[in-house]
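First the structure, in the form of structure tokens, and then the observations on it.
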Amino acid sequence: MFQKDLLQRKRILITGGGTGLGKAAAQRFLELGAEVYICGRRQEVLAATERELHERTGGGNKNDDGRKKMIHSLACDVRDAAAVEAMIESIWADDPLDVLMNNAAGNFLARTEDLSLGAFQSVIGIVLMGTLHTTMACGRRWLATGHKGVVLNITTTYTTTGSAYVVPSAVAKAGMQALTRSLAVEWGNRGIRMNAIAPGPIPTEGAFSRLLPRPELEVEAKKRNPLGRFGTTEEFANLAAFLVSDGAGYINGEVVTMDGGEWLQGAGEFTALGRELTEKEWETMRPKKTAPKPASRRPE
Ligand code: COA
């Protein structure tokens with residue numbers, strides 16, 4: 001799908017890159033020649049992912065000297081602004097980043113009236129404040145030096161509609177989306193591009209164990225999707241690679257939905273109704289066939 005050197009010489013940080021969608025993107029970026037930093041809260045998870053991706057991709061395409069290590073991991077809780085600043089400073093000590101992918105997230109199903117303040121703070125802290133911390137730390141450095149930068153935020157399909165039972169996530173991701181569009185305009189004329197992906201259901205251990213607690217719910221989830229299936233991490237990683245590449249250089253402030261049409265199916269007023277109708281009911285709703293009128297005789 002892509003030229004093998006599509007992301008060569010790009011230095012990319014992926015928050016929450018040790019697992020799930022972040023890990024899938026890290027692999028794809030490495031395969032396309034990028035140098036990748038992954039960060040997350042758990043050192044042991046990051047170290048395992050770093051080892052695995054290094055072996056699986058041969059460390060990514062070789063740089064000019066053929067020896068440079070292409071994957072690095074850094075433990076950091078993005079909720080902690082000072083820790084983020086220190087992490088970004090340590091990366092910049094080698095060289096500036098070119099791409100920041102804000103992927104770290106927290107989410108769980110819960111009735112909103114049962115949530116503690118701490119639960120709200122935890123999810124909003126990771127999703128919204130975490131994105132703000134990394135974006136400001138990178139953005140200020142890019143603006144100060146005129147270095148071009150790309151930000152890719154991973155949002156969700158329920159930012160516009162909201163969603164019951166995931167309210168901290170819905171409000172945090174809506175804020176993330178507003179940040180994406182606002183800064184795409186404010187910083188666009190100074191070399192910074194900012195976009196987002198709104199993925200639908202894509203099976204990963206972290207998300208599905210929290211959001212689809214019973215296997216039979218997966219059958220229902222697939223029925224809600226026009227394509228009748230979940231997305232794949234490979235499809236997600238391909239879209240991410242395209243959006244951060246120079247080939248997407250004129251895409252700015254966009255939120256690309258990748259959900260097989262799921263949210264549109266849920267939103268369409270007559271969609272569910274139409275699926276319930278029987279063949280006979282469809283038949284009765286068609287215009288009745290009437291006998292053809294006799295052809296009028298043409299005047300002689
Ligand atoms: N229902 C209700 N409240 C919950 C909860 C749940 N399922 N899970 C956690 N919380 C509350 C805790 O009770 C706590 O509240 P308190 O401070 O009032 O006691 C607060 O959320 C923080 O949880 P804690 O377990 O202390 O750890 P954390 O802040 O490190 O947790 C989470 C982060 C909550 C997002 C956790 O689910 C997590 O680490 N998730 C992994 C990443 C993830 O969710 N990815 C998203 C994939 S879609």
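Counting starts at 1 for both ligands and their atoms, following the listed order. Here the structure is a predicted model, which is why all the values come from computation and not from measurement.
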Original post:
What's the shortest distance from atom 41 (C) of ligand 1 to any protein heavy atom, and which residue and atom give it?
Top reply: Arg210 NH2, 3.2 Å
Original post:
Is Arg28 salt-bridged to Glu31, going by a charged N under 4.0 Å from an acidic O?
Top reply: yes
**OP:** Under 4.0 Å from a heavy atom of Ala119: give me the atoms of ligand 1 that qualify, with their elements.
**Re:** 3 (N), 11 (C), 15 (O), 20 (C), 21 (O)
**OP:** Measure the spacing between OG of Ser73 and CD1 of Ile38 and express it to the nearest 0.5 Å.
**Re:** 5.0 Å
Subject >> Heavy atom of protein closer than 4.0 angstrom to atom 24 (P) of ligand 1 >> reply: no
Original post:
Under 4.0 angstrom from atom 45 (N) of ligand 1, is there any protein heavy atom?
Top reply: yes
Subject >> N/O donor-acceptor pair under 3.5 Å between Asn103 side chain and Thr15 backbone >> reply: yes
**OP:** Determine, using ring centers only, whether Phe230 and Phe208 are less than 6.0 Å apart.
**Re:** yes
Original post:
When rounded to the nearest 0.5 angstrom, what is the spacing between CZ in Arg224 and CH2 in Trp263?
Top reply: 15.0 Å
Subject >> Candidate list Arg11, Lys10, His147, test side-chain hydrogen bond (donor to acceptor under 3.5 Å, both in side chains), partner Asp98, passing option >> reply: His147
Original post:
Could you state the interatomic distance from OG1 (Thr135) to CG (Asn102), rounded to the nearest 0.5 Å?
Top reply: 4.0 Å
**OP:** List the closest protein heavy-atom neighbour of atom 47 (C) of ligand 1: residue, atom name, distance to the nearest 0.1 Å.
**Re:** Ala207 CA, 3.7 Å
**OP:** Answer with side chain, backbone, both or neither: which part of Leu115 has a heavy atom less than 4.0 angstrom from an atom of ligand 1?
**Re:** side chain
Subject >> Any side-chain heavy-atom pair of Leu7 and Ser245 under 4.5 Å >> reply: yes
Original post:
Which protein heavy atom lies closest to atom 6 (C) of ligand 1, and at what distance to 0.1 Å?
Top reply: Phe108 CD1, 3.4 Å
Original post:
Can any side-chain N or O of Thr155 pair as donor or acceptor with the backbone N or O of Gln177 at less than 3.5 Å?
Top reply: no
Original post:
Do you see a protein non-hydrogen atom under 4.0 Å from atom 27 (O) of ligand 1?
Top reply: no
Original post:
Would a search of protein heavy atoms around atom 16 (P) of ligand 1 find one under 4.0 Å away?
Top reply: yes
Subject >> Verify atom 19 (O) of ligand 1: protein non-hydrogen atom under 4.0 angstrom away >> reply: no
Original post:
Arg41: heavy atom below 4.0 Å from ligand 1, yes or no?
Top reply: yes
Subject >> Close-contact set for ligand 1 against Ser122 heavy atoms, below 4.0 Å >> reply: 22 (C), 28 (P), 29 (O), 31 (O), 32 (C), 33 (C), 34 (C)
**OP:** Mind checking whether Arg111 contacts ligand 1 via backbone (N, CA, C, O), side chain (CB onward), both or neither, at a 4.0 Å heavy-atom cut-off?
**Re:** neither
**OP:** Give the residue and atom name of whichever protein heavy atom lies nearest to atom 13 (O) of ligand 1, and the separation in Å to one decimal.
**Re:** Ser116 OG, 4.6 Å
Original post:
What is the nearest protein non-hydrogen atom to atom 35 (C) of ligand 1, stated with its residue, atom name and distance?
Top reply: Gly106 CA, 3.5 Å
**OP:** Name all pairs fulfilling the salt bridge (Lys or Arg N to Asp or Glu O under 4.0 Å) condition that reach into residues 117-145, sequence neighbours left out, sorted by first residue then second.
**Re:** Glu85-Arg141, Glu89-Arg141
Original post:
Would you say Ala105 and ligand 1 have an N/O pair spaced under 3.5 Å apart?
Top reply: yes
